[in-house]
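This chain uses plain numbering: 1 for the first residue, then up along the sequence. Treat the numbers as computed from the prediction; the structure is a model and nothing was measured. Whatever order the structure lists them in is the order used to number ligands and atoms, beginning at 1.
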Amino acid sequence: MPSSLKDTTTLHNGVKMPWIGLGVFKVNEGSEVINAVMAALKHGYIHIDTAAIYQNEEGVGQAIKESGIPREELFLTSKVWNDDQGYDTTLQAFETSIKKLQVDYLDLYLIHWPVAGKYKDTWRALEKLYNEGKIRAIGVSNFHLHHLKDLLSEADIKPMVNQIEYHPHLTQKEIHDFCKQEGIQLEAWSPLKRGVLLDEPTLIEIGKKYNKTPAQVIIRWDLQNEVVTIPKSIKEHRIIENANVFDFKLTEDEIQQINELNKDERIGTNPEKYDQP
Ligand SMILES: NC(=O)c1ccc[n+]([C@@H]2O[C@H](COP(=O)([O-])OP(=O)(O)OC[C@H]3O[C@@H](n4cnc5c(N)ncnc54)[C@H](OP(=O)(O)O)[C@@H]3O)[C@@H](O)[C@H]2O)c1
């Protein structure tokens, strides 16, 4: 079981990925994202999750640079946006992302959504970049079982990660089981259901026992379920709080109680409808 923000899971290609990172969706470019990333790095985070569409890669890059932390000690993820999918356009989008981030390589590059008719060409571009050593691990995001099976039927390289919406109201057991079986690391986006889950009585009750907040209980539940997690906050005290999860352990019974909160309920877009408003 991980005991610090530096602890990692080993992806199927041997690359080590920290279990907890800072997500920066909806964090404004400029001082907001710079301050959030700087705060996270100051408090021991080494893993940052951004995406081209978040339009804050420049600020993420600037914060990394200003932190003075050697690049190789960090784990940096970005994602290729839907409009850029396809082989050549993905290669170009990658170059744009690393330029904005001011880095030579990414630790993880993901297909953001399974764009129909395009994601296989996008994947070939990711495989090329991986083979050239420009990305240490490649993966997908928002892939359902049928997308994964379809991709696996033709891919030369199996995705190392699938980043999906995952929290106590959406436990995605089928996808989780399949990913485990295939050695694909599951990663949770919107782990706190964007704050909606923080009033959930079961989580409050379990938290009381350990003197932990519902956010901390959820993040601990992610870890004990072997799911990488990237809670987003722009507030330093919450960035600290979300990482303070290594000094307690949920019982099997509590894990089960939290699993049972599942109601297959999303806060974000359904991957089958990524192209609808
Ligand atoms: N691949 C994808 O398609 C996809 C989609 C969505 C998200 N993501 C990634 O996943 C990351 C996390 O998801 P998310 O940003 O949607 O939602 P989230 O992490 O579930 O929740 C973030 C919200 O919770 C608040 N919050 C954070 N920690 C808290 C705490 N300890 N107590 C109370 N409130 C707290 C934040 O507010 P403050 O900032 O004000 O603290 C923010 O409003 C994103 O930032 C992004 O990197 C990926």
Side-chain angles (χ1 to χ4, degrees), residues 17-29 31-33 35-37 39-40 43 45 47-57 59-60 75-82 85 97 101 106-115 119 122 138-144 147 159 161-170 172 175 185-200 203-204 207 212-222 227-245 265-275:
M17 176 176 192
W19 286 102
I20 296 179
L22 179 76
V24 295
F25 180 42
K26 293 193 174 161
V27 180
N28 292 322
E29 179 61 294
S31 58
E32 189 169 85
V33 77
N35 291 339
V37 173
H43 293 292
Y45 286 64
H47 170 185
I48 309 292
D49 180 274
T50 186
I53 195 68
Y54 302 170
Q55 295 184 10
N56 57 21
E57 288 173 308
V60 170
F75 191 97
L76 186 55
T77 301
S78 193
K79 316 181 189 89
V80 54
W81 184 241
N82 302 348
Q85 287 205 36
S97 279
L101 287 159
L106 287 181
D107 295 283
L108 179 65
Y109 197 42
L110 303 174
I111 299 183
H112 207 142
W113 293 92
V115 175
Y119 63 73
T122 306
I138 52 179
V140 295
S141 177
N142 299 305
F143 272 45
H144 278 166
H147 301 118
V161 172
N162 186 15
Q163 183 187 110
I164 59 172
E165 183 178 343
Y166 175 94
H167 46 66
H169 284 171
L170 185 73
Q172 311 240 41
I175 300 180
Q185 176 64 52
L186 203 74
E187 180 176 13
W189 64 252
S190 293
L192 310 178
K193 206 183 180 193
R194 301 194 178 141
V196 170
L197 270 161
L198 305 181
D199 299 327
E200 170 64 54
L203 299 173
I204 294 172
K212 294 287 176 187
T213 64
Q216 290 169 324
V217 170
I218 295 172
I219 295 164
R220 183 71 203 184
W221 170 81
D222 286 333
V227 176
V228 170
T229 187
I230 44 172
K232 171 263 174 185
S233 180
I234 55 169
K235 300 193 172 68
E236 187 168 9
H237 71 279
R238 288 178 174 168
I239 289 172
I240 297 168
E241 174 187 328
N242 293 344
N244 186 4
V245 294
E265 192 175 273
R266 296 175 187 277
I267 187 84
T269 304
N270 185 324
E272 305 299 344
K273 298 180 184 166
Y274 64 84
D275 54 350

Closest by any non-hydrogen atom to [atom]: pick that one out of [options].
atom                    : options              : answer
atom 40 (O) of ligand 1 : K235, K79, E32, E236 : K235
atom 31 (N) of ligand 1 : T269, L22, N242      : N242
atom 37 (O) of ligand 1 : Q216, R238, E241     : R238
atom 25 (C) of ligand 1 : K26, H167, K232      : K232

Distance from [atom] to nearest protein heavy atom, with residue and atom:
atom                    : answer
atom 20 (O) of ligand 1 : L192 N, 2.8 Å
atom 11 (C) of ligand 1 : I230 O, 3.2 Å
atom 6 (C) of ligand 1  : W189 CE3, 3.1 Å
atom 21 (O) of ligand 1 : R194 CA, 3.3 Å
atom 33 (C) of ligand 1 : L198 CD1, 3.2 Å
atom 41 (O) of ligand 1 : S233 OG, 2.6 Å
atom 14 (P) of ligand 1 : S190 OG, 3.6 Å

Take the angle between the ring planes of W221 and Y166 and call it parallel below 30°, perpendicular above 60°, tilted in between.
parallel

Parallel, tilted or perpendicular: rings of H147 and Y119 (30°, 60°):
perpendicular

Considering only heavy atoms of [X], which atoms of ligand 1 have at least one such atom less than 4.0 Å away?
X    : answer
P231 : 19 (O)
N142 : 1 (N), 2 (C), 3 (O)
H112 : 1 (N), 2 (C), 3 (O)
W113 : 3 (O)
K193 : 20 (O)
D49  : 9 (C), 46 (C), 47 (O)
S141 : 1 (N), 2 (C), 3 (O)

Report yes if some heavy atom in the side chain of [X] is under 4.5 Å from a heavy atom in the side chain of [Y]; otherwise report no.
X    : Y    : answer
I164 : F143 : no
I175 : H144 : yes
F25  : K232 : no
E265 : P168 : no
V24  : V37  : yes

Could you tell me whether the side chains of T229 and E187 share a donor-acceptor contact shorter than 3.5 Å?
no

Please round to the nearest 0.5 Å and tell me the distance separating atom CD1 of I219 and atom CG of L192.
5.0 Å

Within this structure, what is the CG-CZ distance for the pair N270 and R266, rounded to the nearest 0.5 Å?
4.0 Å

Close approach, V24 and ligand 1, non-hydrogen under 4.0 angstrom
yes

What do you reckon, does G268 put a non-hydrogen atom under 4.0 Å from ligand 1?
no

Is E200 salt-bridged to K193, going by a charged N under 4.0 Å from an acidic O?
no

Would you call D49-K79 a salt bridge at under 4.0 Å N-O?
yes

Heteroatom proximity flag, [X] to ligand 1, N/O under 3.5 Å:
X    : answer
F25  : yes
I234 : yes
A188 : no
Q163 : yes

In terms of heavy-atom contacts, V33 and V27 come closest through CA-CG1, 3.5 Å

Shortest non-hydrogen contact between H167 and S190, atoms and distance
CD2-O, 3.2 Å

